[in-house]
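First listed ligand is number 1; within each ligand, the first listed atom is number 1. Here the structure is a predicted model, which is why all the values come from computation and not from measurement.
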Amino acid sequence: MGILNKLFGTSTNQEENIMTKLNIGIILGSTRQGRVSPQVGEWVKGIADKRGDANYEIVDIAEFKLPFLGEADPGPGAAAWSAKLSSLDGFVFITQEYNHSITAALKNALDFARDEWNNKAAGIVSYGSTGGARAAEHLRGILGELLIADVRVHPTLSLFTDFENGSVFKPADLHLDNVNAMLDQVIAWSGALKTLR
Ligand SMILES: Cc1cc2nc3c(=O)[nH]c(=O)nc-3n(C[C@H](O)[C@H](O)[C@H](O)COP(=O)(O)O)c2cc1C
């Protein structure tokens with residue numbers, strides 16, 4: 001019997017849940033050559049790792065080589081994608097704006113799984129000419145259908161002021177507090193939703 005069990009009368013299962021660090025995937029939403037999403041993802045991971053409150057990892061959709069859903073044999077990538085999502089308790093979507101919405105690659109990757117997404121939490125970090133706000137709002141609608149609880153705090157990065165020439169990421173300091181506040185909410189909800197799964 002552990003200390004939490006003694007103090008709070010928690011069950012062994014509850015105690016394991018409390019003591020085990022959550023696994024949070026930082027999902028890169030773009031896959032095109034020359035994309036800036038790895039720079040943004042690594043920046044979020046750097047902030048997240050300093051917190052020490054979860055296991056944070058970059059999840060790069062491009063590495064899974066998913067075909068468009070239903071068009072071809074999904075191959076090993078689909079199984080690997082499913083396994084990766086299953087191993088995660090929550091997500092941070094690095095979301096770029098393409099024609100006022102999310103990328104086709106992210107939508108396809110979202111469509112490729114169902115149960116693996118359910119009852120988990122997510123935050124969104126977006127970028128674009130208007131901070132990627134339109135893409136992020138579209139993404140929220142999709143996340144609802146997948147039973148992913150998206151948190152309120154949403155860092156929005158401007159292609160004009162947070163990037164040089166739209167390609168070299170130089171985030172303004174003001175975003176740091178917002179990223180941490182978003183992660184606070186993702187961690188709280190990811191932990192809470194774990195009890196439903
Ligand atoms: C096909 C396409 C459509 C785009 N449409 C928009 C848009 O509607 N609004 C916007 O703010 N930026 C738009 N952009 C600019 C992207 O937000 C910008 O290129 C960003 O760096 C893309 O993210 P990535 O580098 O990770 O691919 C578009 C870019 C592409 C490639």
*Asks:* Checking salt bridge (Lys or Arg N to Asp or Glu O under 4.0 Å) for the pair Glu42/Lys45: CA distance, chi angles, key distance, verdict?
*Replies:* CA-CA 5 Å; Glu42 289 295 344; Lys45 187 172 186 304; 5.9 Å; no
*Asks:* Which residue holds the protein heavy atom closest to atom 27 (O) of ligand 1, what is that atom called, and what is the gap in Å?
*Replies:*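 Of the protein heavy atoms, Tyr98 OH, 2.6 Å lies nearest.
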*Asks:* Which part of Ser30 is near ligand 1, with near meaning a heavy atom under 4.0 Å away: side chain, backbone, both or neither?
*Replies:*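 Near ligand 1, Ser30 shows its side chain, while the N, CA, C and O stay back.
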*Asks:* How far is atom 20 (C) of ligand 1 from its nearest protein heavy atom, and which residue and atom is that?
*Replies:*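 The answer is Tyr127 CE1, 3.8 Å.
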*Asks:* Before signing off on this row, confirm whether Val36 and ligand 1 have an N or O atom pair separated by under 3.5 Å.
*Replies:*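 It does: an N or O of Val36 is found under 3.5 Å from an N or O of ligand 1.
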*Asks:* Measuring from atom 19 (O) of ligand 1, which candidate in Glu97, Gln96, Arg35, Arg32 has the nearest non-hydrogen atom?
*Replies:*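 When every heavy atom of Glu97, Gln96, Arg35, Arg32 is considered, Arg32 comes closest to atom 19 (O) of ligand 1.
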*Asks:* Verify salt bridge (Lys or Arg N to Asp or Glu O under 4.0 Å) between Asp89 and Lys21, making sure each step is shown before the conclusion.
*Replies:* CA-CA 10 Å; Asp89 300 299; Lys21 276 191 180 176; over 6 Å; no
*Asks:* How are the rings of Trp81 and Phe64 set to each other: parallel, tilted or perpendicular (split at 30° and 60°)?
*Replies:*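 Perpendicular.
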*Asks:* Between Arg35 and Thr31, do the side chains contain a donor N or O and an acceptor N or O under 3.5 Å apart?
*Replies:*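 Note: Thr31 and Arg35 side chains miss the donor-acceptor criterion.
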*Asks:* I need the atoms of ligand 1 closer than 4.0 Å to a non-hydrogen atom of Gly128, numbered in the order shown.
*Replies:*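 Result: 11 (O).
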*Asks:* Could you identify the single nearest non-hydrogen protein atom to atom 5 (N) of ligand 1 and state the distance to 0.1 Å?
*Replies:*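 In this structure, atom 5 (N) of ligand 1 has Asn99 N, 2.7 Å as its nearest protein heavy atom.
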*Asks:* Looking just at side-chain N and O atoms, do Ser30 and Ser37 make a donor-acceptor pair shorter than 3.5 Å?
*Replies:*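 Distance-only check passes for Ser30 and Ser37.
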*Asks:* Could you list which atoms of ligand 1 come closer than 4.0 Å to a heavy atom of Ser129?
*Replies:*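 Near Ser129, meaning under 4.0 Å from one of its heavy atoms, ligand 1 has 10 (C), 11 (O).
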*Asks:* Tell me the protein heavy atom at minimum distance from atom 18 (C) of ligand 1, and give that distance in Å.
*Replies:*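 Checked against all protein heavy atoms, atom 18 (C) of ligand 1 sits closest to Leu159 CD1, 3.8 Å.
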